[in-house]
A.B. asks: 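My questions all concern the structure below.
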Protein chains: 2
Amino acid sequence: MSGGKAPGGGRGRRARVTLRQIADEVGTSQSTASRALAGHGYVAPELKARIEEAAARLGYVPDISARTLKGHSSGLIGLLVSDLRNQFYAQLAAGVEQTVAAAGHQVVLVDDHGDEAEAVRGAKAFVAMRAAGVLLAPVGREATELLVGHGTPVVEVDRRSGVRGCDAVIIDSESGAREAVGHLLALGHRRIAVVVDETVWDTGRNRLKGYRAAHRAAGVPLARRLVLDLGLRPDDPRRDVAAFLDANPDVTAVFAANNVMAEAVWQELKRRGAAVPGRCSMVSFDDLTWMRVVEPGLTAVRQPVYEMGNRAAQLLIERIDGGHGRAETRTLRPELVLRGSTAAPASAPGADIGAS
Amino acid sequence: MSGGKAPGGGRGRRARVTLRQIADEVGTSQSTASRALAGHGYVAPELKARIEEAAARLGYVPDISARTLKGHSSGLIGLLVSDLRNQFYAQLAAGVEQTVAAAGHQVVLVDDHGDEAEAVRGAKAFVAMRAAGVLLAPVGREATELLVGHGTPVVEVDRRSGVRGCDAVIIDSESGAREAVGHLLALGHRRIAVVVDETVWDTGRNRLKGYRAAHRAAGVPLARRLVLDLGLRPDDPRRDVAAFLDANPDVTAVFAANNVMAEAVWQELKRRGAAVPGRCSMVSFDDLTWMRVVEPGLTAVRQPVYEMGNRAAQLLIERIDGGHGRAETRTLRPELVLRGSTAAPASAPGADIGAS
DNA sequence: TTCCCACATGGGATCGATGCCATATGGCGT
DNA sequence: ACGCCATATGGCATCGATCCCATGTGGGAA
C-alpha cells in the first residue's frame, strides 16, 4: 500500500528484472530469493520481507518460460474452436475463459475455421508451448490424436472425435432434436423439413437422428426429399433454402439444425413473405439473441453453451491436477423454448409456400 | 506419403523428445541438429536429411519455453477484451486471431469483464509469459502503463487510454454518431433521445459528442433531459429505458450508443407496442446480426469490427518485428446503414410513446 | 561435552534450444 | 610449401527459476 509506485514509471527500463537482481539488491542468493517469493522452505521473516519489498519496488515478474522449462508444463490451456464469429463458439470461449482465469491459468485461442489442417497446426503449437491441457471442438481425429499421443490432457467440447483417452462435454443433440421435432409433430405437422450443413460430426448426425426418431415415435413416415443437407460451409445457404422450398412447396414446418441454418431459413421465409407460423412453422437448434428479438420469437432448442464452456474447463483442470480416472463424457440437456414461430399447420390444404 | 506414421502412435510415450535425443539417434551433436532443423549455418545435405527424418519419426516438437528463455520473447500475443459474450468483442477477437495466426503466432485471450483490476492481472500474466505484444481495449490506464513500462509493444483497440507510447486502432465514434443523429434530424426529428452506458471511455464520450455536434450543426437546441446515461453494467437496462420513456413521452427517436443499449431500447419499444418507426424511430451504433433480421431492420452505424481486429494485429506485428517509429493511431470510418427503423416523425403532435 | 535437529542460507545442477567459438579438413591460389 | 577461406561439426555457455544438497549455526537434550 505505502510506497509501491507503478513499476517502470514509464521510463525506458531496458534491464529485465530477474531473481538474480532481486538477490543482488538485497544482498542474498537466488535460492533464498526464490524461496522467499515462492513461500516454500525456510527464510527468516525479516529477510523475506526485504526480498518482497525489493521485488515489488523493482517490478519483478517471474519468467514463465524459465519456470515452464524446469517444470515441464506451462499454465496455458489451449482452446481450439471452429468459428469465433459464430456466437455459439464465442459463448463457448467466454465460458471457458471464465473458468480458466478463475483457476489462475490463461487461454490460448486458436480458430481452425473448420479446417482439419489448421486444427493440426494449432495442436502442434499447443504441444510446443507445453500447454497444460487443451479444449477442442474436434473437426477430425488427427488433432486429438496428436495431443493425446504427446500426453496432453484433452477435453472435447460439443462434439466427439471418437479418439480414446480424452474426456468430453457435450449437449444431447439427439434428444433436443427429438423434442423439437416432436413438438412440431404434436402440433399436427406431417411434412417437416430439416436443414443441416454437416452430418460428418456427431452434432449434425445426432440432430438428424433425433428428427428421425421423433417421426418414428409419432408413427409418421420419413421422406428423404425433406432432408436438406447443404454440406460444410455452403456459399449462400439462403439461396439453397430457396431452391429447396421451390422444389418442396408443401412443407409446413422447418427444423433448422443450427443457428446458421436458422438464419438462412428465416431470411428466406421473410423474403418470400411467408407468414411464420401462419404458412410455415420453424424451430431452430441453438438459441441466439436475435431469435428472441424478432417478431414472432423463434421457438428454439436452447443449449447451455456458456455453461458447457465452464464445465469443460472445470473437467480439464481436474484432469490436469491429478485426476487419473477413466475418461468420461458429461452430457448436458438442452431445453426447448417455445415462442411464436410454431403453431398448428394451416388447415387449408392449398396454402403452400412455393414461389409465387 | 511414405513412412511418416502419426507420432506417438497412441502408445504411452513417456519420454519427451528433445533435440538431444534426435542428435543421439543420428549420432551427431545438438548444435548440428539445431542448425539442421532451423536451417541456419552449415550442415551437410545428407546429414541434414537424416536429422529431419529422425525428427519426423520421433515426433519432435521444439520446446517453446526453452526457445523463449534464450530469445527473450515468446511468439505469444496477448488480447485483452471486456466481454467476449458481446458480439462486438467476439468479432474483434476473431479478426485478431486470424491475422495473428497467419503470422505464425498465437493469441492468449483474457476477458477482464470491464474490471480494471482483472485487466491488470491479465497484463501481469502477459509480462510473465514474455508476450511478444499485447492488444487491448483499455478499461483504464494501469494495464497499458504496466505493459509499456515493461517494454511490451501495445496496440490499443476501439478505445484509447491516453497512455503515451502505444499505437491504437479505433473507429471514429464521433463522426459515426454525428451522421446517425444527423440522419434523424434531417428526417425532421427534434426530440431525439440518446442512451449510453458509459461516458468514461472515449467511445461513449465521443458518441455523445457526435450527438451534440449534429444538433449544433442543425441548429437544434440540446436538452439535458434527453440524455439517458445508465452507467457501466446496469442491472436491467430495459427497465431504465422504460422509466425514461415514461418520463419523456415526447421523444420521437432514440439513438442507442451501442448494441447492448440498442437491444434494451428495441425490447422496450416492442413491449409497449410502440410502432417503429411509426411512433418512434431508432438508430443503433454498432450493427449486429439481429438488427438486419428483425422487422423492420434497424438503421445502424456499422463498425468494421473484424477488420479493426485485423488491422490492429497487423500494426502490432509490424511493431514487434522492428518498427521503431512514433506511435500512431489509425482511425477507421464507420458507415451508416439505412434500414426500416427510421422515418419522419408522426405529424400528429398528440402521438407520443408514453405508458398506456 | 557431545550429538542431533530445527532453522537458515548459498552453491550449483537442471530443464532444452540457441548461437558463438574452437576445431578440423580439403581445395586452391601464390 | 604456405596460407587462406569455404565447408562442416562439436563444445559449451547462456537464458531464469527451481530445488536438491551441502554447509553453517544455535539451542536443547543426553
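Owing to the predicted nature of the structure, the values given are computational and were not obtained by experimental measurement. Chain letters run A, B, ... following the sequence lines, proteins first, then strands; residues in each count from 1.
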A.B. asks: Using heavy atoms to find the nearest nucleotide of DNA chain D for B/A33 and B/R130 separately, return the residue whose nucleotide is more 5′.
C.D. replies: B/A33
A.B. asks: Ignoring hydrogens and geometry, is there a side-chain-to-backbone donor-acceptor pair from A/Q21 to A/Y60 under 3.5 Å?
C.D. replies: no
A.B. asks: Between P on C/dA8 and CD on A/E46, what's the gap in Å once rounded to a whole number?
C.D. replies: 12 Å
A.B. asks: Which nucleotide wins on minimum distance to the side chain of A/H40, given the candidates C/dA17, D/dC19, D/dG10?
C.D. replies: D/dC19
A.B. asks: Tell me: CG of B/L69 to P of D/dT18, nearest whole Å?
C.D. replies: 12 Å
A.B. asks: With a 3.5 Å distance limit and no angle check, can you tell me whether B/R35 reaches the backbone of B/G41 through a side-chain donor-acceptor pair?
C.D. replies: no
A.B. asks: Using the side-chain contact (heavy atoms from CB on, under 4.5 Å) rule, pick out the option among B/L136, B/V134, B/T144 that qualifies with B/C166.
C.D. replies: B/T144
A.B. asks: Report yes or no: does A/R121 contribute a side-chain atom to a donor-acceptor pair with the main-chain N or O of B/A101 at less than 3.5 Å?
C.D. replies: no
A.B. asks: Is A/R67 close enough to D/dT18 that one of its side-chain N or O atoms is under 4.0 Å from OP1 or OP2 there?
C.D. replies: yes
A.B. asks: When all nucleic acid strands are considered with a 4.0 Å heavy-atom cut-off, which category describes A/T68: base, sugar-phosphate, or nothing?
C.D. replies: nothing
A.B. asks: Let me know the distance between CD1 of A/I22 and P of D/dT18, rounded to the nearest Å.
C.D. replies: 12 Å
A.B. asks: Starting at the 5' end of DNA chain C, which residue's closest nucleotide do you reach first, A/V43 or A/Q30?
C.D. replies: A/V43
A.B. asks: Reckon A/T18 touches a base, only the sugar-phosphate, or nothing at all at heavy-atom distances under 4.0 Å?
C.D. replies: sugar-phosphate
A.B. asks: Using whole Å, report how far CE of B/M129 lies from P of D/dG16.
C.D. replies: 18 Å
A.B. asks: Establish, with yes or no, whether the OP1 or OP2 oxygen of C/dT18 is under 4.0 angstrom from a side-chain nitrogen or oxygen of B/S34.
C.D. replies: yes
A.B. asks: From CZ of B/R35 over to P of D/dG10, roughly how many Å is that when rounded to an integer?
C.D. replies: 8 Å
A.B. asks: With respect to the phosphate group of D/dA17, does any side-chain polar atom (N or O) of A/S65 fall under 4.0 Å of OP1 or OP2?
C.D. replies: no
A.B. asks: Whole Å only: how far is the OH atom of A/Y42 from the C1' atom of D/dT23?
C.D. replies: 15 Å
A.B. asks: If I take atom CG in residue A/D24 and atom P in nucleotide D/dA17, what distance separates them, rounded to the nearest angstrom?
C.D. replies: 12 Å
A.B. asks: If we ignore hydrogens and angles and just use 3.5 Å, is the side chain of A/N310 paired with the main-chain N or O of A/G95 as donor and acceptor?
C.D. replies: yes
A.B. asks: Among D/dT9, C/dC15, C/dG11, which is the nearest nucleotide to the side chain of A/K70?
C.D. replies: C/dC15
A.B. asks: Tell me: CG of B/L19 to C1' of C/dG16, nearest whole Å?
C.D. replies: 7 Å
A.B. asks: How is A/L47 classified with respect to the nucleic acid when contacts are heavy atoms under 4.0 Å: base, sugar-phosphate, or nothing?
C.D. replies: sugar-phosphate
A.B. asks: Hey, does the side-chain of A/S31 have a donor or acceptor N/O within less than 3.5 Å of a partner on the base of C/dG12?
C.D. replies: yes
A.B. asks: If each of B/A66 and A/G27 is mapped to the nucleotide of DNA chain C with the nearest heavy atom, which maps nearer the 5' terminus, i.e. the 5' end?
C.D. replies: A/G27
A.B. asks: Can a donor-acceptor pair be found between the side chains of A/S31 and A/S34 at a distance below 3.5 Å?
C.D. replies: no
A.B. asks: Looking at the base of D/dG11, is there any donor atom on it, or on the side chain of B/S29, that sits under 3.5 Å from an acceptor on the other one?
C.D. replies: no
A.B. asks: Would you mind telling me which of D/dT9, C/dC7, D/dG10 lies closest to the side-chain atoms of B/A44?
C.D. replies: D/dT9
